[in-house]
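Reading through the structure tokens given below for one structure.
Being a predicted model, the structure only gives us computed values, none of them experimental. Naming convention: chains lettered A, B, ... in sequence-line order (proteins, then strands); numbering from 1 in each chain. Just the heavy atoms: all of them, side chains too, but no hydrogens, waters or symmetry mates, feed the values below.
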Amino acid sequence: MAKNLVIVESPAKAKTLTGFLGSDYQVKSSYGHIRDLPERKLGVDVKKHFEPTYQVSPDKEQVVKELKTAAKGKHVWLASDSDREGEAIAWHVAHVLELDPKKTKRIVFHEITKSAVTEAIAHPRTIDMKLVDAQQARRILDRLVGYELSPVLWKKVRRGLSAGRVQSVAVRLIVEREREIKEFKPESSFKISAIFETGKHQLAAELSEKITNLASSRKFLEHAAKADFTVANIEQKPGKRSPGAPFTTSTLQQEAARRLGYSVRQTMTIAQKLYEHGHITYMRTDSTILSGLAINAAKEYITKEYGAKYSQVRQYQTKSRNAQEAHEAIRPTQIGRLESGADSGQKRLYELIWRRTVASQMAAADIEKTEVKIDISGRNEQFLATGEVLVFDGFLKVYGGGKDDMILPPLESGHRLRLKSADALETYSRPPARYGEASLVKKLEELGIGRPSTYAPTIGTIQDRGYIEKKDLEGEVRQLKEIILSGSKITEQTQEVTIGADRAKLVPTPLADIVTDFLVKYFGEILNYDFTAKAENELDDIADGKLAWQKMLEDFYKGFHPLVEKGEEADRAEAAQTRHLGKDPKTGKPVYARYGRYGPVLQLGEADPADKDDKDIPKPKFAPMPEGAELETVTLEQALPMFALPREVGQSTDEQPIIADIGRFGPYVKVGKEFFSIKELDPFTITESEARQVIKDKQEAAAKRVVADWGKIQILRGPYGPYVTDGTKNARIPKEQDPEKLNESAAKELLAKAPASKRGNFRRRRGAKKS
DNA sequence: CAGTGAGCGAGCTTCCGCTTGACTT
């Protein structure tokens, strides 16, 4: 039996290590953190120097049990990752295994190679308590921020909301970007392009400056029709393009989004699979470092396949702000394998990683750039023609994105050119781009906020909470003016162009606006973009032994907690950004726009009368916001008609009143308790006969849905095909059976055989770990 | 699918970072 137990964080790593270490060593995984603060309470005693209460995480009970059994009578080596979190994991493991942290062997390696592992085993150290303390400070700080801020939001805005050091800043970035876009005033100008002729060749050029308006553009073209054009000067500049560093989590997410269209979640799930099968190194990393082994393998491969001049050994410095560099860059485990993965998704991501890794060890591409300036007689501007020729492809051979060559015809300075045609096309200056998932990750990384393991989950959280939506943007159609000069004839026309259409962009909801404004006002320090960076500096001091973790938290809390108390006193109406729009001329009651429990809402009358006990004061009336209107800008004139709903349209065929209104899911009419959505029709103007038609259509559709009806048991046609139902349980009807011919007893049999309804199971998974 | 927004005041929600499953919303 093995005498030693090595504990790492990931099971895949355990498997690899087993291969390196031989039969004296058993290797097991902790599956990440095993202990944490309790989920349902603060778990930090603020009055006792922030003493934390740790407990084995509910989902790790089994893991801990197994580790305890495995450790019996063995020599334990703690081999968790060599970063702050890894050190803490080692400490927690030592604690649950009742090992002395001062004596237990702690080993680390930055790459998983046999030599690195052997080297590590030869030089064990003990747990670095300073680093553990830095982790504790980080953990407790995040707990304090998250668990003190969120309840303020529950009280002031809406239950179930959340705030935190990372997520609230992510939301703020998106909110502020959206505001910049809204405030942006596009400016129109004209881009002049021309085609010249020289001998048999043609030369495309652009005017070096844009022209601000249509009249001047027209004047310019009129002048150009008669002007002389001469080559003023030709400049040749050699240029280089260098390969990018090997992938980190964040750059992999960006490139996979850009080139393959994957979401950050997709990228991580696929990468995880590749990792588990040993095709790539660990996918959650902030390091661009390649192991010596990998560099050599790449060099060998490149030299053999492309020749020595394509090889260039490079090691990249990790640029990321708070990089911990516990792992290597993301790379193939075997450079020689050009294809890996079980499906096309995995294959495509593997290929991207392979190309990026190999390219990173290749020579730069050489480019020859040519710039030709062309004088215009009688004008100061010049035309500019640029050519670009790839002289040596270098790394572009494997990691494309190379542009096509633009070859210029042979030219000489002083050369006369003939203008063939010219064109002035209106362009608009563009607002800053919205964030997508990957560009948000990039920004967060730049700010040093969040870690490779949290980028994808953070984006999930801010969407789950209803702060952010991922949307395809339709853009708007613009008429662009264009003037064309051909020969000596000038014509004007317009071009219809869609501007601002975009896929999968992150857009804030009104809730995000409300919450961000509130948090920025009351907790500006936490919402500041450099809050994390400052905290990280202090964490570094703790890790260096220059600062006690309790001292850091004390200083922080001294400033933070009073803000929480102030926030508690904030006015709900203020948090909901209540706006008084004016008075309803009919009733004289005030009209408000505010953020309600279900989103923006209009309100007629006081919700909170001064004398609450006076039962004679009528309740306020509520109405949804008019289509397209926003909380900050909606006017009284837009608001008033909304209170005309609900409206009695007329009577149904059986003489019951038909009511029209707008609900959470859009406009509808209802008769008694039955609802009918009216997507195309306007509830303000819908007529009795239109409403009757809608009702009749839906009733007919519903009748078609029922294939058979035996009272309680029915056969229905659903969106996924025919099924049997008894009201609570559903059963699919197999394809080979004709639902029309099924009799009642056969239907009952199908129901009995169908698996029990799983409804609700999924939802419980997240919250109810206790029961 | 579902069409709300005060209410009696129960019992509940929430953070970030480290890991991988189970599972169909």
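- Residue contacts for A/Gly164: at a heavy-atom cut-off of 4.0 Å it reaches the sugar-phosphate backbone alone, with no base atom in range.
- Stacking annotation: A/Trp154 is not stacked on the base of B/dT14 (requires ring centroids less than 5.5 angstrom apart and an interplanar angle below 30 degrees).
- Side-chain contact between A/Leu42 and A/Leu144 is present, with heavy atoms from C-beta onward closer than 4.5 Å.
- The two residues A/Lys155 and A/Arg572 make their nearest non-hydrogen contact at O-NH1, 2.9 Å.
- Heavy-atom contacts from other residues, nucleotides or ligands closer than 6.0 Å to NZ of A/Lys621 number more than 12.
- At a threshold of 4.0 angstrom between heavy atoms, the contacts of A/Pro11 are confined to the sugar-phosphate backbone, with no base atom among them.
- For A/Arg35 and B/dC18, the shortest distance from a side-chain N or O to OP1 or OP2 is not below 4.0 Å.
- In this structure, A/Leu37 reaches neither bases nor backbone, as no heavy-atom distance under 4.0 Å exists between it and the strands shown.
- Residue A/Arg40 has a polar side-chain atom (N or O) positioned under 4.0 Å from OP1 or OP2 of B/dT13.
- Looking at heavy atoms from C-beta onward, A/Gln253 lies in side-chain contact with A/Met268 at the 4.5 angstrom threshold.
- Counting non-hydrogen atoms under 4.0 angstrom, A/Tyr455 reaches nothing in the nucleic acid.
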For nucleotides 8-11 of chain B, tabulate all protein N/O to nucleotide N/O atom pairs closer than 3.5 Å, reporting atom names and distance.
residue : atom : partner  : partner atom : Å
B/dG11  : N2   : A/Arg159 : NH1          : 3.0

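- When heavy atoms are screened at a 4.0 angstrom cut-off, A/Asp81 is found touching the sugar-phosphate backbone but no base atom.
- The cationic atom of A/Arg143 (NZ for Lys, CZ for Arg) lies less than 6.0 Å from the six-membered ring centre of A/Tyr147 and within 45° of the ring axis.
- In this structure, of B/dG3, B/dC12, B/dG17, it is B/dG3 that holds the atom nearest to the side chain of A/Tyr668.
- Listed candidates were B/dA6, B/dG21, B/dT19. Nearest to the side chain of A/Arg284 is B/dT19.
- Side-chain contact, A/His110 with A/Glu325: no donor N or O sits under 3.5 Å from an acceptor N or O.
- A/Glu437 places none of its side-chain heavy atoms less than 4.5 Å from the side chain of A/Gln266.
- The listed nucleotides are B/dG3, B/dT20, B/dC18; the one nearest the side chain of A/Glu85 is B/dC18.
- Secondary-structure annotation of DNA chain B gives no stems, with a stem taken as at least 3 successive Watson-Crick or G-U pairs whose two distances both fall under 3.5 Å.
- Of the candidates B/dT14, B/dG17, B/dT19, the closest approach to any side-chain atom of A/Pro151 belongs to B/dT14.
- Counting heavy atoms from C-beta on, the side chains of A/Val564 and A/Phe523 come closer than 4.5 Å.
- B/dC1 and B/dG21 have their C1' atoms separated by 30 Å, given to the nearest Å.
- Comparing A/Gly596 and A/Arg139 by the nucleotide of DNA chain B that holds the closest heavy atom to each, the one mapping nearer the 5' end is A/Gly596.
- Distance, A/Ile662 CD1 to B/dG5 P: 17 Å, rounded to whole Å.
- The nucleotide whose nearest atom lies closest to any side-chain atom of A/His33 is, among B/dC15, B/dG17, B/dA6, B/dG17.
- Residue A/Arg84 is out of contact with every strand shown, counting any heavy-atom pair closer than 4.0 Å.
- With respect to the salt-bridge test (charged N to carboxylate O, under 4.0 angstrom), the residues A/Glu536 and A/Arg84 qualify.
- Contact of the A/Asp286 side chain with the A/Thr249 side chain is not registered, since no non-hydrogen atoms from C-beta on lie closer than 4.5 Å.
- Closest contact between the side chain of A/Thr454 and the listed nucleotides B/dA6, B/dC16, B/dC15 involves B/dC16.
- Residue A/Lys60 has its side chain nearest to B/dT19 when only B/dA6, B/dC15, B/dT19 are considered.
- Atoms CD and CG, from A/Gln136 and A/Leu131 in turn, are 11.0 Å apart once rounded to the nearest 0.5 Å.
- In this structure, A/Arg451 reaches the B/dC18 phosphate: one of its side-chain N or O atoms is under 4.0 Å from OP1 or OP2.
- Two residues, A/Tyr282 and A/Gly599, neighbour DNA chain B, and the one matched to the more 5' nucleotide by heavy-atom proximity is A/Gly599.
- Between B/dC16 and A/Gln167, a contact under 4.0 Å exists linking OP1 or OP2 to a side-chain N or O.
- For A/Val166, whose side chain is taken as the heavy atoms from C-beta onward, the closest listed nucleotide among B/dT14, B/dG17, B/dT19 is B/dG17.
- A/Gly86 comes within contact range of no nucleotide atom at all, as no heavy-atom separation falls under 4.0 Å.
- Between B/dG21, B/dC18, B/dC15, one nucleotide has an atom nearer to the side chain of A/Arg465 than all others, and that is B/dC15.
- The side chain of A/Ser10 places no N or O atom within less than 4.0 Å of a non-bridging phosphate oxygen (OP1 or OP2) of B/dT19.
- Residue A/Ala88 is classed as having no contact, given no heavy-atom separation below 4.0 Å to the nucleic acid.
- At the heavy-atom level, A/Ser162 lies under 4.0 Å from the strands shown only through sugar-phosphate atoms.
- Computed from coordinates, the A/Tyr31 OH to B/dC18 P distance equals 19 Å when rounded to whole Å.
- The ring-ring contact (aromatic ring centres under 6.0 Å, His included) test applied to A/Tyr275 returns A/Tyr282, not counting sequence neighbours.
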